[in-house]
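Each chain gets a letter, A, B and so on, in the order the sequences are listed, and its residues count up from 1. Both backbone and side-chain heavy atoms feed into the values below; hydrogens, waters and symmetry mates do not.
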2 protein chains.
Amino acid sequence: MPTELRRPERTFTIRQLCTEFKATPRALRFYEDKGLLTPARDGMNRVYSYKDRARLILILRGKRVGLSLQEIREIFELYGEEDEVMAQNAHSLKKFKEKIVVLEQQREDIDGAIAELHEACSRLERHLSDKRPDLLPKAADYDQMMRARVDGHAEPVGAK
Amino acid sequence: MPTELRRPERTFTIRQLCTEFKATPRALRFYEDKGLLTPARDGMNRVYSYKDRARLILILRGKRVGLSLQEIREIFELYGEEDEVMAQNAHSLKKFKEKIVVLEQQREDIDGAIAELHEACSRLERHLSDKRPDLLPKAADYDQMMRARVDGHAEPVGAK
DNA sequence: AATGCCCTTTACGTCAACGTCAAGCATCTG
DNA sequence: CAGATGCTTGACGTTGACGTAAAGGGCATT
């Protein structure tokens with residue numbers, strides 16, 4: 001019994017993925033152009049599978065950590081033809097280790113930057129509450145707003 | 001006794017800072033153009049002080065964590081004219097808090113990416129040591145190389 | 001004095017990652 | 001059957017952060 005029958009084998013339109021992940025059609029087509037996605041077609045229209053969706057998730061996360069689309073594609077290629085072009089893979093391994101080093105450095109940088117921003121913020125807040133306390137509430141409101149958006153991942157569409 | 005006489009009050013040429021931090025003259029001039037650096041002049045030539053150098057370090061770190069030059073400038077401005085343009089500063093405060101949230105998210109992402117890359121690496125290494133163990137040593141060597149480059153900060157110029 | 005090297009400014013080029021039209025099928029809906 | 005909507009493919013525009021080439025000044029060595 002083929003697996004296709006065991007799961008609904010759900011598919012997605014471009015719009016569905018876009019709204020789910022806060023992307024744009026243009027972006028998804030762009031990724032496809034760059035060889036990062038290869039959705040099926042129903043006539044003209046793109047049809048995304050679960051696999052495509054998973055890939056998209058990886059793409060977006062890769063982007064968030066500062067990988068270029070090119071680098072992300074290299075990773076995909078690695079996972080794909082796992083039994084082919086081994087020399088290529090050895091090369092990828094090298095690049096991965098490089099990237100890990102870079103990312104670990106970035107982590108330190110980020111920690112530093114966060115600390116600095118915190119300090120800058122409290123300096124500012126002290127200063128403001130001193131001389132212009134009227135300006136503070138709105139900032140605090142905004143702070144609340146941001147916190148709310150963080151765990152929501154895909155915030156409601158209307159939230160501009 | 002002015003402090004200028006207590007320390008050598010060393011200065012730097014553009015080239016010195018560039019080689020120290022692996023930047024280009026064009027980049028430093030660009031930062032200056034954008035108001036991020038304001039080195040003194042000796043005739044036509046730029047003369048960078050310790051303060052300028054410290055700023056440059058902050059600029060580069062900011063960049064590494066994904067801050068735009070614009071955002072970095074805002075941080076600098078905050079520390080500077082602390083008693084002026086308070087409304088502006090309230091706005092900056094908002095943006096800083098946003099940025100902190102983003103950075104904290106990035107930290108998580110990076111942790112995830114590091115984990116994934118580690119997994120990908122060990123997958124690859126198992127695979128390679130299985131089928132093409134001959135390809136492994138060079139990768140390991142390279143790994144060593146990278147590790148050496150990390151704490152060296154400014155690696156020797158010839159190391160291509 | 002000429003060569004070379006490093007500095008300068010000005011100005012145009014580039015690259016990634018899309019945004020933004022434009023123009024055209026296809027399908028549903030009143 | 002006329003819109004309206006949603007998809008498609010070009011093709012050009014945009015933004016940030018520089019790269020690169022041109023044209024020249026200043027100083028040191030040959």
What is the distance, rounded to the nearest whole Å, between atom [atom1] of [X] and atom [atom2] of [N]?
X        : N       : atom1 : atom2 : value
Leu28(B) : dG19(D) : CG    : P     : 10 Å
Arg41(B) : dC7(C)  : CZ    : C1'   : 10 Å
Gln70(B) : dT15(D) : CD    : C1'   : 13 Å
Lys22(B) : dC18(D) : NZ    : C1'   : 17 Å
Gln16(A) : dG6(D)  : CD    : P     : 12 Å
Leu60(A) : dC18(C) : CG    : C1'   : 13 Å
Asp42(A) : dT8(D)  : CG    : C1'   : 13 Å
Ile72(B) : dC18(D) : CD1   : P     : 9 Å

| message | Counting the atoms with a prime plus P, OP1 and OP2 as sugar-phosphate, which does Arg29(A) contact under 4.0 Å by heavy atoms, base, sugar-phosphate, or nothing? | response | base
| So, are Glu32(A) and Arg41(A) salt-bridged, with charged N and O less than 4.0 Å apart? | yes
| query | Would Glu125(A) and Lys97(B) pass as an ion pair if we require N to O under 4.0 Å? | reply | yes
Heavy atoms from C-beta onward define the side chain here; which of [options] lies closest to that of [X]?
X        : options                  : value
Arg46(B) : dA17(D), dC18(D), dT8(C) : dT8(C)
Ile14(A) : dC18(D), dC7(D), dC18(C) : dC7(D)
Phe30(A) : dT8(C), dA17(C), dT9(D)  : dA17(C)
Thr24(B) : dT9(D), dC18(D), dT8(C)  : dC18(D)
Ser68(B) : dT8(C), dC18(C), dA17(D) : dA17(D)

| said: Show the nearest heavy-atom pair for residues Thr11(A) and Gln16(A), with the distance to one decimal. | reply: O-OE1, 3.9 Å
| Where is the tightest heavy-atom contact between Pro39(A) and Val47(A), given as atom of each residue plus distance? | CB-O, 3.5 Å
| Rounded (10°) bend between the five-pair end axes of the helix from dA1(C)-dT30(D) to dG30(C)-dC1(D) | 20°
| field | Residues Glu74(A) and Gln70(A): side-chain donor-acceptor under 3.5 angstrom | value | yes
| field | Pair of N/O donor and acceptor under 3.5 Å linking dT20(C) base with Arg26(A) side chain | value | yes
| said: Can you tell me if Lys63(A) touches the phosphate of dC18(C), counting only side-chain N or O atoms and a distance under 4.0 Å to OP1 or OP2? | reply: yes
| said: Against the six-membered ring of Tyr50(B), is Arg10(B) placed for a cation-pi contact (under 6.0 Å from the centre, within 45° of the normal)? | reply: no
| remark: Heavy-atom nearest nucleotide on DNA chain C taken for Tyr48(B) and for Tyr31(A); more 5' hit belongs to Tyr48(B)
| message | Could you check whether any side-chain heavy atom of Arg29(A) comes within less than 4.5 Å of a side-chain heavy atom of Asp33(A), counting everything from C-beta outward? | response | no
